[in-house]
Amino acid sequence: MGRKVNILTVVGARPQFIKASVLSRSFAGMAGIEESIVHTGQHFDRNMSDLFFEELGIPDPDVNLGISGGSHAEMTARMLVALERVMRERSPDMVLVYGDTNSTLAASLAAAKLHMPLCHAEAGFRTHCRTNPEEVNRICTDHLASLNFAPTPQSIDNLIAEGLGEVSSFTGDLMYDAFQHARSNAGYKKVTLAKFDGAEIVVPTRYVYLTCHREENDSDATLCEVVTAANRFDVPVIYPVHPRVRDKVSRLVEELSANNVLLVRPVGYFESVSLTAGADLVVTDSGGLQREAFYAQVKCVTLLPFPSADETLRDDRNTLVSQVTAEKILEAARVEQTVNPSYRPFGQGDAAEKMVERIVEFFERGE
Ligand code: UDP
């Protein structure tokens, strides 16, 4: 590239920190690209934010907007206004967003209205469920982007089917790159985890790894089914609880005397990968964790009617529980997977490299 280009990365939530860490590492080694990072503030607890920046070596954000909470509209609107101001001040050559959160949508709208090129990493996933709040964010972002990076064969097909083939390409999944990086962190194995009161518990030899916090599952009734099922597994269940459901889940575990359920604070990324790889089973409503279970070849039960990526469903490697009841969770957990290690729909672990190439090509074409 003839000149240095300025890329403004906008992140706000835990999975975005993980994905951004991989590309930030690549940018750091390039003379032609200067990255600045805006943190919207969507996730702000230490264990949901700072820990990831430290552990994954992400440069400190240049700007932190400190915006979180409120309804979807309130949060997105406040971010939109604040991001427009930052983008005007900094005039980046490109705005880079990840995934499907309100931070992603706000940055995409702000960039599009300022006629700034937008690049979307993790484009093309579709749940085909418009009541899933992230589906709206994904669709809008993909359609506003000048560059879409698709993590799987199905996601590039989705983009092509929506007429976005010209601006889209298959790169593989940044989460897979991040996962491989974490696994190569040789010798990393956390043996204790912190409960809410700070007391340490030792990770049992055998366990189920559970995360559940999404809007679709945050009613008392649904969380009660999840805790009931978790209490009936024949190995302990480790459940790092997202702050948004912490009070409810703590109360339910106490009311149900669910002693098989070990509630802990949210863990760091390396801990999460290590817990995934060592688990008998993963039960989750997290998009990222479904894919990590797939990479680790650990059976996954998903507490949603749609998968993170259709590719995870093959050979029963991921079983969906559409109507979350304790019985259905236990039934899904009994479905055995078969693993074909040569089936690798998430790329080769070089998604970041491919994305950087495409970004450089974009500027060389003078777009
Ligand atoms: N994760 C983590 N600590 C935890 C729970 C999850 O680091 O206590 C990781 C997990 O391994 C995955 C990501 O956070 O990489 C998933 O984030 P989240 O569930 O918030 O978002 P989603 O994947 O649904 O977009």
Side-chain angles (χ1 to χ4, degrees), residues 11-22 42-56 58 68 97-105 121-122 125 127 129 132-135 137-138 141 151 173-183 185 188 190 193-196 201 203 207-218 226 237-246 249 262-279 282-296 298 300 302-304 306-309 312 318 346:
V11 289
R14 174 168 69 184
Q16 294 169 329
F17 309 143
I18 298 166
K19 290 161 204 163
S21 71
V22 188
Q42 189 173 340
H43 283 171
F44 53 87
D45 302 62
R46 180 174 157 70
N47 277 28
M48 299 292 291
S49 178
D50 292 1
L51 180 60
F52 289 80
F53 279 79
E54 288 161 21
E55 192 178 61
L56 297 171
I58 310 168
S68 66
V97 294
Y98 294 88
D100 53 22
T101 69
N102 289 337
S103 303
T104 314
L105 177 64
E122 199 181 276
F125 279 146
T127 60
C129 174
N132 168 227
E134 288 81 15
E135 182 79 346
N137 298 345
R138 282 182 209 111
T141 304
D173 189 5
L174 276 179
M175 289 296 277
Y176 185 44
D177 293 24
F179 179 85
Q180 290 201 320
H181 174 70
R183 295 299 285 159
N185 201 340
Y188 182 85
K190 184 82 175 171
L193 299 172
K195 295 206 288 186
F196 298 152
I201 58 161
V203 176
Y207 58 87
V208 170
Y209 181 23
L210 165 69
T211 74
C212 181
H213 61 265
R214 301 183 61 83
E215 194 170 297
E216 287 91 338
N217 291 325
D218 69 1
V226 173
V237 173
I238 299 178
Y239 184 179
V241 190
H242 193 292
R244 69 185 298 274
V245 292
R246 176 173 155 162
V249 170
L262 308 175
L263 299 186
V264 295
R265 292 178 182 169
V267 298
Y269 177 63
F270 290 145
E271 282 165 327
S272 184
V273 167
S274 157
L275 282 173
T276 305
V282 167
V283 179
T284 191
D285 59 2
S286 152
L289 200 52
Q290 288 172 56
R291 307 212 291 282
E292 285 158 0
F294 183 95
Y295 310 146
V298 171
C300 184
T302 293
L303 306 176
L304 288 168
F306 44 77
S308 162
T312 61
N318 186 9
F346 295 95

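Whatever order the structure lists them in is the order used to number ligands and atoms, beginning at 1.
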Check against side-chain contact (heavy atoms from CB on, under 4.5 Å), E216 and N132:
CA-CA 8 Å; E216 287 91 338; N132 168 227; 2.9 Å; yes

Decide side chain to side chain donor-acceptor pair (under 3.5 Å) for T276 and E292; before the verdict, give the C-alpha distance in whole Å, the side-chain angles of both, and the deciding distance to 0.1 Å.
CA-CA 7 Å; T276 305; E292 285 158 0; 4.6 Å; no

Dump the intermediate steps for salt bridge (Lys or Arg N to Asp or Glu O under 4.0 Å) on E54 and R46, then the final yes or no.
CA-CA 10 Å; E54 288 161 21; R46 180 174 157 70; 3.0 Å; yes

Suppose we screen for salt bridge (Lys or Arg N to Asp or Glu O under 4.0 Å). Which residues come up paired with E215, at least two apart in sequence or across chains?
none

Residue of the set V264, V249, L210 for which side-chain contact (heavy atoms from CB on, under 4.5 Å) holds with V241:
V249

Close approach, R265 and ligand 1, non-hydrogen under 4.0 angstrom:
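No.
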
Below 4.0 Å from any atom of ligand 1, is there a heavy atom belonging to Y209?
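Within the 4.0 Å threshold, so yes.
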
Considering non-hydrogen atoms of the protein only, which is the closest contact for [atom], and what is the distance?
atom: atom 18 (P) of ligand 1; answer: R14 NH2, 3.6 Å
atom: atom 9 (C) of ligand 1; answer: S272 OG, 3.7 Å
atom: atom 25 (O) of ligand 1; answer: P15 CG, 3.4 Å

Please classify the S286 to ligand 1 contact at 4.0 Å (heavy-atom distances, strictly less than): side chain, backbone, both or neither.
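Both backbone and side chain of S286 come within 4.0 Å of ligand 1.
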
Distance filter under 4.0 Å to [X] heavy atoms, resulting ligand 1 atoms:
X: P240; answer: 8 (O)
X: G268; answer: 7 (O)
X: I18; answer: 13 (C), 14 (O), 15 (O)
X: M175; answer: 15 (O)
X: V267; answer: 2 (C), 3 (N), 4 (C), 7 (O), 8 (O)
X: G288; answer: 22 (P), 23 (O)

Out of F52, Y239, Y98, whose heavy atom sits nearest atom 7 (O) of ligand 1?
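Among F52, Y239, Y98, the closest heavy atom to atom 7 (O) of ligand 1 belongs to F52.
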
Out of R214, E292, E134, who gets a non-hydrogen atom closest to atom 10 (C) of ligand 1?
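Among R214, E292, E134, the closest heavy atom to atom 10 (C) of ligand 1 belongs to E292.
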
Looking only at distances, please establish whether an N/O atom of ligand 1 is found under 3.5 Å from an N/O atom of [X].
X: P266; result: no
X: D285; result: no
X: T211; result: no
X: G287; result: yes

Using the rule given for side chain to side chain donor-acceptor pair (under 3.5 Å), can you reason through S272 versus Y209, listing the C-alpha separation, both sets of side-chain angles and the distance that settles it, and then say yes or no?
CA-CA 9 Å; S272 184; Y209 181 23; 2.7 Å; yes

Just one of R138, K19, Q16 clears the side-chain hydrogen bond (donor to acceptor under 3.5 Å, both in side chains) bar with E122, so which one?
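With E122 as partner, R138, K19, Q16 yield a single side-chain hydrogen bond (donor to acceptor under 3.5 Å, both in side chains), made by K19.
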
For T104 and N137, which I'm curious about, is there any donor-acceptor pair between the side chains at under 3.5 Å?
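N137 and T104 do not have a side-chain donor-acceptor pair below 3.5 Å.
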
Between atom CZ of R291 and atom OG1 of T284, what is the distance when rounded to the nearest 0.5 Å?
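These two atoms lie 11.5 Å from each other.
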
Can you give me the closest heavy-atom contact between A293 and C300, atom names plus distance?
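In this case the closest contact between A293 and C300 is CB-CB, 3.9 Å.
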
Contacts of F17 that satisfy ring-ring contact (aromatic ring centres under 6.0 Å, His included) - sequence neighbours left out
H39, F53

